[in-house]
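Indexing begins at 1, ligand by ligand and atom by atom, following the structure's order. Not measured: the values here are computed from a predicted model.
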Amino acid sequence: MHPDAAEILITESQIQNRLDELANELNHHYRGADLTLVGVLTGSVMFVADLLRRLSVPLRLDNIGVSSYHGNTHPTGEFTLTKALQLDIRNRDVLVVDDILDTGHTLHRILTLIRQLEPRSLKTCVFLEKDIPHVHNLKPDFVAFKIPNRFVVGYGLDYRERYRNLPYVATLRPEVLTRPTG
Ligand code: IMP
Ligand code: MG
């Protein structure tokens with residue numbers, strides 16, 4: 001375990017087993033569809049990569065980049081588009097894949113943006129869903145794991161851009177979260 005980690009909430013093998021199930025669901029749901037998978041940068045990279053190799057339906061891959069958390073554990077309320085979609089998604093079946101649904105502000109804004117591009121269908125798939133109410137009563141269509149309202153890192157998720165490479169999901173030791181930036 002990483003020395004900065006306090007507790008592993010989801011192990012590497014739990015993640016990989018759950019992804020097998022989730023990919024089965026998606027393969028069934030999107031059978032015969034014209035899927036465009038849209039990964040939300042950067043936190044979804046591991047999730048997208050692990051899902052992709054399990055998906056057998058024909059698909060295209062794009063990424064959207066947004067920034068809403070500026071290296072902190074608390075949202076600033078700001079939202080900037082850092083990477084626009086490259087593919088035309090009009091009349092396509094779009095699945096937005098994100099790392100975590102926390103307050104829901106990020107996903108809600110992304111969905112509003114994508115809806116304007118007139119996809120045929122628009123669904124969401126999140127790796128983690130925090131056990132708190134989300135804005136606009138947002139409900140993800142596909143969820144890998146539900147977790148309690150804790151700040152977690154690993155499997156793509158960061159704290160100040162660190163720990164994305166951990167293959168499991170963990171909480172951080174309190175002294176790491178109060179350490180001055182550096
Ligand atoms: P929301 O807009 O509050 O739903 O936050 C979504 C974004 O905040 C995610 O895509 C993450 O980048 C970040 N985030 C929220 N909770 C966590 C966490 O526990 N660990 C790391 N990043 C988080
Ligand atoms: Mg993110």
Open item on the list: Any heavy atom of Gly43 closer to ligand 1 than 4.0 angstrom?
Closed with: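 Gly43 does not count as a contact of ligand 1 under the 4.0 Å cut-off.
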- [ ] Assess Ile100 for proximity to ligand 1: is some non-hydrogen atom of it under 4.0 Å away?
- [x]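 Yes, Ile100 has a heavy atom closer than 4.0 Å to ligand 1.
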Those atoms of ligand 1 less than 4.0 Å from some heavy atom in [X]:
{"X": "Thr103", "result": "1 (P), 2 (O), 3 (O), 4 (O)"}
{"X": "Arg150", "result": "19 (O)"}
{"X": "Leu157", "result": "21 (C), 22 (N)"}
{"X": "Lys130", "result": "16 (N), 17 (C), 18 (C), 19 (O)"}

Which bit of [X] is near ligand 1, meaning a heavy atom under 4.0 Å away: side chain, backbone, both or neither?
{"X": "Asp102", "answer": "both"}
{"X": "His134", "answer": "neither"}
{"X": "Asp99", "answer": "side chain"}
{"X": "Asp158", "answer": "backbone"}

Any side-chain heavy atom of [X] within less than 4.5 Å of one from [Y]?
{"X": "Leu55", "Y": "Leu37", "result": "yes"}
{"X": "His2", "Y": "Arg173", "result": "no"}
{"X": "Leu51", "Y": "Cys125", "result": "yes"}

Open item on the list: Is there a polar contact, in the sense of an N or O pair closer than 3.5 Å, between Leu101 and ligand 1?
Closed with: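 There is no such contact.
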- [ ] Examine Val152 against ligand 1 and note whether any of their N/O atoms are separated by less than 3.5 Å.
- [x]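 Min N/O separation from ligand 1 is below 3.5 Å for Val152.
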Does the distance from a Lys or Arg side-chain N to an Asp or Glu carboxylate O, for [X] and [Y], drop under 4.0 Å?
{"X": "Asp93", "Y": "Arg120", "answer": "yes"}
{"X": "Asp131", "Y": "Lys146", "answer": "no"}
{"X": "Asp99", "Y": "Arg164", "answer": "no"}

- [ ] List for me each residue that meets salt bridge (Lys or Arg N to Asp or Glu O under 4.0 Å) alongside Arg53, sequence neighbours excluded, and say none if there are none.
- [x]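 So Arg53 forms a salt bridge (Lys or Arg N to Asp or Glu O under 4.0 Å) with Asp50.
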Open item on the list: Show me the pairs that pass ring pair (Phe, Tyr, Trp, His ring centres under 6.0 Å) and involve residues 18-41, at least two apart or across chains.
Closed with: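 Counting only pairs at least two positions apart or across chains, the ring pair (Phe, Tyr, Trp, His ring centres under 6.0 Å) contacts touching residues 18-41 are His29-Phe142.
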